[in-house]
Amino acid sequence: MEVCVPVEVEMPPHGVAVLESRHRADFFMPWRNDSFAKVMYILGGSGRLCLEDREVLLGEEQLCIVPAGCRHRLVDDQEKPVWLLGLCLDQSNPAWSGVVGDLFEKPEVLTNPGLVQEAAMGLKRLLYEQSSKKRGWGEMQVACCAILLVKLLRGRAETGELKSIDRVRWYAEEMASSFYLNEGIDEASRRLGLSRRRFTQLFREVTGEPWLQRLRSLRIEHACRLLSETGRSIKAVAFECGFESQPQFFRTFRQRKGTTPGQWRKGSGGRFD
């Protein structure tokens, strides 16, 4: 439903609320100081974020970060009114006390494609929990919100407004600690705002190897570490390393190591290969 005035926020006890605000052409927002912080994801339209000391242009697939108590207002382009998802949160919640001080130090607009995609994925999960109202949904929202805020804080510090090749460098470094996730090359390239062809080209330039080869190398290296240093079952190792099935793990492991995981464990002598 389109609105002509800002949507009123009813903050639940756990301190997280997600809402949609689709503006009409005659939308008007007076100056306001909210008692909660906001992360606004612009789904469509354009306009301006007006602050005390400046105005920032808004466009599709951007993030607005507005601290609690910050005087601000949104002014829409009447030809293309703003359509947004807003994450409202109580900054005093101890679940994210170590994050909000830095993330919400000042209002800003983020345009980095990787951060925008992180926010979009996080907001989808938060919306699902809010709509489903399944048992423990509030606690799940708090946990998901904390993860999202940390990702935004890290990503903002590490990527800023980087060039394409710098974003790929950042991704390649991040990959070393996220190889277990079920993210394909299309999702990775989209997250960085690049075409698959361009992402593939830059990834090979940065790392010296194709994306899939790098992913499998990282997974097998971690599997070797787990096999030699822990007593976890081979099935658990395959799961932790991001393989979709145990047969896939066995095939990849044999291709890389010339033996099976079980045989490698026996011959490793407790040493990492």
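On a predicted model such as this, the values are computed, not experimentally measured, just so you know.
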Joint hydrophobic cluster, [X] plus [Y], side-chain heavy atoms closer than 4.5 Å:
| X | Y | result |
| --- | --- | --- |
| Y41 | M121 | no |
| V75 | L43 | no |
| I147 | L152 | no |
| I220 | F239 | no |
| W137 | V18 | no |

Determine whether [X] and [Y] make a side-chain contact, defined as any pair of heavy atoms from C-beta on separated by less than 4.5 Å.
| X | Y | value |
| --- | --- | --- |
| L49 | L57 | no |
| F27 | V3 | yes |
| V5 | M29 | no |
| L110 | V116 | no |
| M140 | K134 | no |
| F28 | C4 | no |
| T260 | R254 | yes |
| D34 | H72 | yes |

Just verifying a value: how many Å separate [X] [atom1] and [Y] [atom2], rounded to the nearest 0.5 Å?
| X | Y | atom1 | atom2 | result |
| --- | --- | --- | --- | --- |
| L87 | L19 | CG | CG | 9.0 Å |
| R169 | T207 | CZ | OG1 | 11.5 Å |
| L215 | I185 | CG | CD1 | 10.0 Å |
| L84 | K38 | CG | NZ | 8.5 Å |
| E209 | E205 | CD | CD | 14.5 Å |
| Q263 | R265 | CD | CZ | 13.0 Å |

Of all heavy-atom pairs between [X] and [Y], which one has the smallest distance, and what is that distance?
| X | Y | result |
| --- | --- | --- |
| L51 | W31 | O-CH2, 3.6 Å |
| V39 | L63 | CG1-CD2, 4.3 Å |
| S189 | S195 | CB-O, 4.0 Å |
| G69 | N33 | O-OD1, 3.6 Å |
| L89 | F104 | CD2-CZ, 4.1 Å |
| H14 | V142 | O-CG2, 3.7 Å |

Checklist line | Pair H23-E2, side chain to side chain contact (heavy atoms under 4.5 Å, CB included): steps then yes or no | finding: CA-CA 5 Å; H23 301 174; E2 294 183 341; over 6 Å; no

Got more than 12 heavy atoms from elsewhere within 6.0 Å of [atom1], [X]?
| X | atom1 | answer |
| --- | --- | --- |
| E52 | CD | yes |
| K133 | NZ | yes |
| Q78 | CD | no |
| Y128 | OH | no |
| N182 | CG | no |

Tell me whether [X] contacts the main-chain N or O of [Y] through its side chain, where contact means a donor paired with an acceptor under 3.5 Å.
| X | Y | value |
| --- | --- | --- |
| W96 | D90 | yes |
| R73 | P30 | no |
| E173 | W170 | no |
| Q91 | P67 | no |
| E129 | G138 | no |
| D77 | G47 | no |
| N93 | A95 | yes |
| R219 | C241 | yes |

Scan F179, W211, F199 and name whichever one has a ring pair (Phe, Tyr, Trp, His ring centres under 6.0 Å) with Y171.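 The passing option is F199.
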
- Go through the steps for R256 and S217 under the test side chain to side chain donor-acceptor pair (under 3.5 Å), then give the verdict. CA-CA 8 Å; R256 297 279 168 166; S217 295; 2.9 Å; yes

Start with the C-alpha gap between W83 and I42, add the side-chain angles, then the distance that decides, and say whether side chain to side chain contact (heavy atoms under 4.5 Å, CB included) holds.
CA-CA 6 Å; W83 176 21; I42 310 300; over 6 Å; no

Can you say whether the rings of F243 and F249 are parallel (under 30°), tilted (30 to 60°) or perpendicular (over 60°)? tilted

TODO: Verify side chain to side chain contact (heavy atoms under 4.5 Å, CB included) between V150 and L103, making sure each step is shown before the conclusion.
DONE: CA-CA 9 Å; V150 171; L103 183 60; over 6 Å; no

Practice prompt. Start with the C-alpha distance between C88 and M11, add both sets of side-chain angles, then the distance that settles side chain to side chain contact (heavy atoms under 4.5 Å, CB included), and finish with yes or no.
Written response: CA-CA 8 Å; C88 307; M11 188 66 70; 3.9 Å; yes

Is it true that the side chains of R198 and S164 contain a donor and an acceptor less than 3.5 Å apart?
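Distance-only check fails for R198 and S164.
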
